[in-house]
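This report refers to the structure that appears directly beneath it.
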Amino acid sequence: MPHRISHQKKKHQHKQIAIFASGAGSNAKKIIEYFEGNDQTNVGLVVCNKPGAGVLQAAEDAHIPVLLIEKERFFCGNGYADELKNAGIDFIVLAGFLWKIPQPLINIYRNKIINIHPALLPKYGGKGMYGAKVHEAVIAAGEKESGITIHYVDEHYDNGDIIFQATCPVSADDTPDTLAQKIHKLEHENFARVVEECVRRD
Ligand code: GRF
């Protein structure tokens with residue numbers, strides 16, 4: 001547990017992640033499981049803007065504290081930076097979090113906020129491109145391939161440096177639902193591992 005090791009050790013070895021999620025939380029759950037028992041990195045907080053979201057159950061099951069956030073304070077204050085600091089958060093992982101990250105948080109966590117997008121950026125990204133809308137657009141455009149993009153977050157939607165991409169075929173009979181399943185599989189196979197690599201490199 002972080003409070004049982006010296007400050008020096010925590011600073012250099014043990015990194016704390018906050019997962020921001022507002023939906024079902026299947027990626028959040030995978031990440032939580034992946035880091036359980038990890039001696040260098042752990043998930044210290046789940047941040048959510050939707051009471052009742054599936055991710056809250058995943059946090060509760062894993063005994064991870066939850067911070068429920070409100071829109072006005074998130075955007076007009078400093079993005080809950082004090083709460084994140086007090087929880088000792090070093091990295092932020094966005095796993096199905098739809099609000100734009102406010103500037104104060106971007107400044108404090110520059111190159112320490114990682115997002116996953118369910119398509120091959122720079123295509124099919126930007127404001128309004130989320131969930132089924134992404135897969136509908138990919139299929140409507142007749143793409144033969146889609147995939148996932150894991151990237152750093154900057155002040156623009158889906159714009160920061162790309163860290164990792166993986167692809168899957170789009171077949172003629174794919175629907176937004178079947179494509180979403182393929183994409184989720186890729187996400188679950190790769191996201192936690194890529195996050196770990198980024199945290200280790202830091
Ligand atoms: C994922 O498909 C991710 O790419 C997107 O939001 C979705 C979250 O799914 N950013 P889940 O809540 O982790 O199941």
Side-chain angles (χ1 to χ4, degrees), residues 17-36 43 45-62 64 66-69 74 91-102 105-106 109 112-139 143 145-170 174-198:
I17 296 174
I19 300 177
F20 284 36
S22 352
S26 69
N27 279 286
K29 198 161 183 263
K30 286 276 171 198
I31 294 169
I32 288 168
E33 285 166 6
Y34 184 91
F35 285 108
E36 258 164 14
V43 179
L45 190 65
V46 167
V47 176
C48 179
N49 64 291
K50 276 216 181 111
V55 67
L56 298 175
Q57 189 61 50
E60 194 185 321
D61 292 346
I64 294 173
V66 167
L67 175 65
L68 262 182
I69 59 172
F74 192 58
F91 257 83
I92 295 174
V93 174
L94 309 183
F97 184 75
L98 298 183
W99 290 354
K100 196 155 187 270
I101 301 300
L105 281 192
I106 302 275
Y109 289 98
K112 291 172 197 282
I113 308 178
I114 299 169
N115 183 43
I116 189 160
H117 185 79
L120 296 172
L121 292 175
K123 288 168 107 177
Y124 308 106
K127 194 168 168 29
M129 268 295 179
Y130 61 87
K133 292 175 197 221
V134 177
H135 309 310
E136 281 160 16
V138 167
I139 289 170
E143 296 283 0
E145 192 178 70
S146 189
I148 61 168
T149 303
I150 299 171
H151 66 96
Y152 288 111
V153 172
D154 66 10
E155 30 281 283
H156 308 288
Y157 274 113
D158 300 327
N159 181 70
D161 287 349
I162 291 174
I163 303 162
F164 175 86
Q165 290 186 306
T167 63
C168 63
V170 180
D174 262 325
T175 64
D177 269 358
T178 59
L179 182 52
Q181 283 167 27
K182 292 182 189 173
I183 296 288
H184 257 113
K185 186 164 180 286
L186 281 182
E187 294 182 334
H188 296 164
E189 284 166 358
N190 292 288
F191 198 14
R193 180 183 54 77
V194 172
V195 166
E196 184 180 31
E197 281 168 20
C198 294

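Remember, it's 1-based here, ligands and their atoms both numbered in the order they're listed.
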Below 30° counts as parallel, above 60° as perpendicular, anything between as tilted: where do the rings of Phe20 and Phe74 land?
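Tilted: the ring planes of Phe20 and Phe74 meet at 30° to 60°.
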
Which class fits the ring pair Trp99 and Phe97: parallel under 30°, tilted 30 to 60°, perpendicular over 60°?
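Trp99 vs Phe97 ring planes: perpendicular.
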
Does ligand 1 have any N/O pairs with the protein under 3.5 Å, and how far apart?
residue, atom, partner, partner atom, Å
ligand 1, 2 (O), Glu187, OE1, 2.9
ligand 1, 2 (O), Glu187, OE2, 3.1
ligand 1, 4 (O), Glu187, OE2, 2.4
ligand 1, 9 (O), His184, NE2, 3.3
ligand 1, 10 (N), Ile116, O, 3.0
ligand 1, 12 (O), Ala24, N, 3.4
ligand 1, 12 (O), Gly25, N, 2.8
ligand 1, 13 (O), Ser26, N, 3.2
ligand 1, 13 (O), Ser26, OG, 3.4
ligand 1, 13 (O), Asn27, N, 2.8
ligand 1, 13 (O), Asn27, ND2, 2.9
ligand 1, 14 (O), Ser26, N, 3.2
ligand 1, 14 (O), Ser26, OG, 2.5
ligand 1, 14 (O), His184, NE2, 3.0

Assess Lys100 against Tyr157: is NZ or CZ under 6.0 Å from the centre of the six-membered ring, and within 45 degrees of the ring's axis?
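Because its charged atom sits under 6.0 Å from the ring centre and within 45° of the axis, Lys100 does stack over Tyr157.
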
Using side-chain contact (heavy atoms from CB on, under 4.5 Å) as the criterion, point out the one residue from Asn159, Val153, Thr149 that pairs with Asn115.
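One option only clears the test, and that one is Val153.
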
When you look at Ser26 and His188, which way does the side-chain hydrogen bond (donor to acceptor under 3.5 Å, both in side chains) test go after all the steps?
CA-CA 8 Å; Ser26 69; His188 296 164; 2.8 Å; yes

Does atom NZ of Lys29 have more than 12 heavy-atom neighbours, drawn from other residues, nucleotides or ligands, at distances under 6.0 Å?
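Not buried by this count: 12 neighbours or fewer within 6.0 Å.
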
